[in-house]
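Reviewing the structure listed below.
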2 protein chains.
Amino acid sequence: MNNEVISQGVKRQFKDDLFEQFARIGKALSSGRRLELLELLAQRERSVEELASEAALSVANCSQHLQILRAAQLVAVRRDGLFSRYRLADEQVLRLWLSFRQLGEARLAEVSRVVETYLKDRRALEAITNDQLIARLRTNDVVVLDVRPEEEFRAGHIAAARSIPITMLEQRLKEIPQRSTIVAYCRGPYCVFADDAVGLLRKHGYQAYRLQNGFPEWKMQGLPTATGAQS
Amino acid sequence: MNNEVISQGVKRQFKDDLFEQFARIGKALSSGRRLELLELLAQRERSVEELASEAALSVANCSQHLQILRAAQLVAVRRDGLFSRYRLADEQVLRLWLSFRQLGEARLAEVSRVVETYLKDRRALEAITNDQLIARLRTNDVVVLDVRPEEEFRAGHIAAARSIPITMLEQRLKEIPQRSTIVAYCRGPYCVFADDAVGLLRKHGYQAYRLQNGFPEWKMQGLPTATGAQS
DNA sequence: TCATTATTCAATCAACTACTTGAATATATG
DNA sequence: CATATATTCAAGTAGTTGATTGAATAATGA
């Protein structure tokens, strides 16, 4: 009897300890700022300063958030001269973040509300899915356009894609054949680079579409990717 | 120029709002208590009182945690007479929780440390994987034993299994043929019911093994399941 | 209707979190 | 070796969150 009581206590302690450990991951994921950092790191490795400026945080604050992500083993860091370069710890982290995001999209009405509020024009632009793009690539004449900053293209891109960062697109329009269908993609469903690209292309008479997802989702689905600069 | 500044501000607001929404899920997952509740709900629907007593919480405290999980749309509730019965909101939640747990196991050294501290004997008991069990079921004479409480068996179990709750196992030993190999399973890798069952069975001369994972993992993997009482 | 029971709400206090600031550390360069 | 730059650390403050109570609210069944 006494034995049982003790054993009960031990089991409770075990469960408390165990779930408290798992909760560390939850705590790391419980801040919008940190999720934004993960989303940025899903594109490529970045220094603290780059992250701070992209996420509109002070460097010290950003560094602190990164320490929290690191304590939960969600990101890893390497030293490169003067810089600390952060990246997602591994593919499992990307998978967790994507399924986390997917759950939010599917179940939190507020997410769709926020997206609709800010991205009103999104509906008008027909988006095509990864599978549809694969199908088109086999049969049609399609140009796949990566409009992210060039470093992100270099860190990894859809195998068939060519890079024209959104900031350069207007100047470099003549590189794109008028005859082809254009499919533009960027960082993911909450990035507006591809929206802007499609808008610009259509204004200039192209037949352009947005890819529904971005590069991380494509990669996670196991579809063909490549790294390095444009050949 | 003014335009651009405004647009920058709007984009920032959008990202802040969006990621803050996703962070609601992280917040819900940031307490060990709540994760334990999810783990329990992964087995079956439960009333507030059942959950409170299994997780060693006061009913009021438990209810509060459930409200938080519900606000993040991770659990759903239905009214059944005097009781509010809670369940996981859908399969995606189970998937998120399992990939969350998997990440913790793989990356947080403390998780393995806690498991090793409390479940020292675990190593001695060879565990067999889902795939190994499938293979054995085809060729060998195996009894698959569900040692969870009977209500959990009724709510869903491995198709080939028979139910003997761990609390009844000693009395009902004679129901199990001595010749067969026994594979016992329970709620999951952190549940000790199957460990206890294997210990007891071996003491009585059976050849018994623990299934590495529990029922939720089996189901998530798309392997054959059944519901309802024993036929 | 009233008594019973399960659940939720509200208020408290303690504990924690985010962000800021300024100093400290680490690395590279002249 | 001194200087510049990138990052981290430490301390302080304001604001928020969590656990715990006891009271209030539903829903049922007599």
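The analysis underlying the following values was restricted to heavy atoms, covering all of them including side chains, and did not include hydrogens, waters or symmetry mates. So you know, we letter chains A, B, ... as the sequences are listed, proteins then strands, and number each from 1.
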With respect to the phosphate group of [N], does any side-chain polar atom (N or O) of [X] fall under 4.0 Å of OP1 or OP2?
X: A:Tyr86; N: D:dT8; value: yes
X: A:Gln67; N: D:dT8; value: yes
X: A:Arg33; N: C:dC19; value: yes
X: A:His65; N: C:dC19; value: yes
X: A:Ser58; N: C:dT20; value: yes

What is the distance, rounded to the nearest whole Å, between atom [atom1] of [X] and atom [atom2] of [N]?
X: B:Glu49; N: D:dA27; atom1: CD; atom2: P; value: 18 Å
X: A:Arg85; N: D:dT5; atom1: CZ; atom2: P; value: 17 Å
X: A:Gln64; N: D:dA11; atom1: CD; atom2: P; value: 13 Å

For A:Asn61 and for B:Arg79, locate the closest nucleotide of DNA chain C by heavy-atom distance; then report the residue assigned to the nucleotide nearer the 5' terminus.
->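 Closest to the 5' end, via its nearest nucleotide, is B:Arg79.
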Distance-only side-chain donor-acceptor flag, B:Asp17 / B:Gln13, under 3.5 Å = yes
Donor on one side chain, acceptor on other, B:Arg95 and B:Gln92, under 3.5 Å =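 No, because no side-chain N or O of B:Arg95 sits under 3.5 Å from a partner of the opposite role on B:Gln92.
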How is [X] classified with respect to the nucleic acid when contacts are heavy atoms under 4.0 Å: base, sugar-phosphate, or nothing?
X: A:Arg34; answer: sugar-phosphate
X: B:Ser63; answer: base
X: B:Arg70; answer: nothing

Which of D:dG18, D:dT8, C:dT7 is nearest the side chain of A:Val59? It is D:dT8
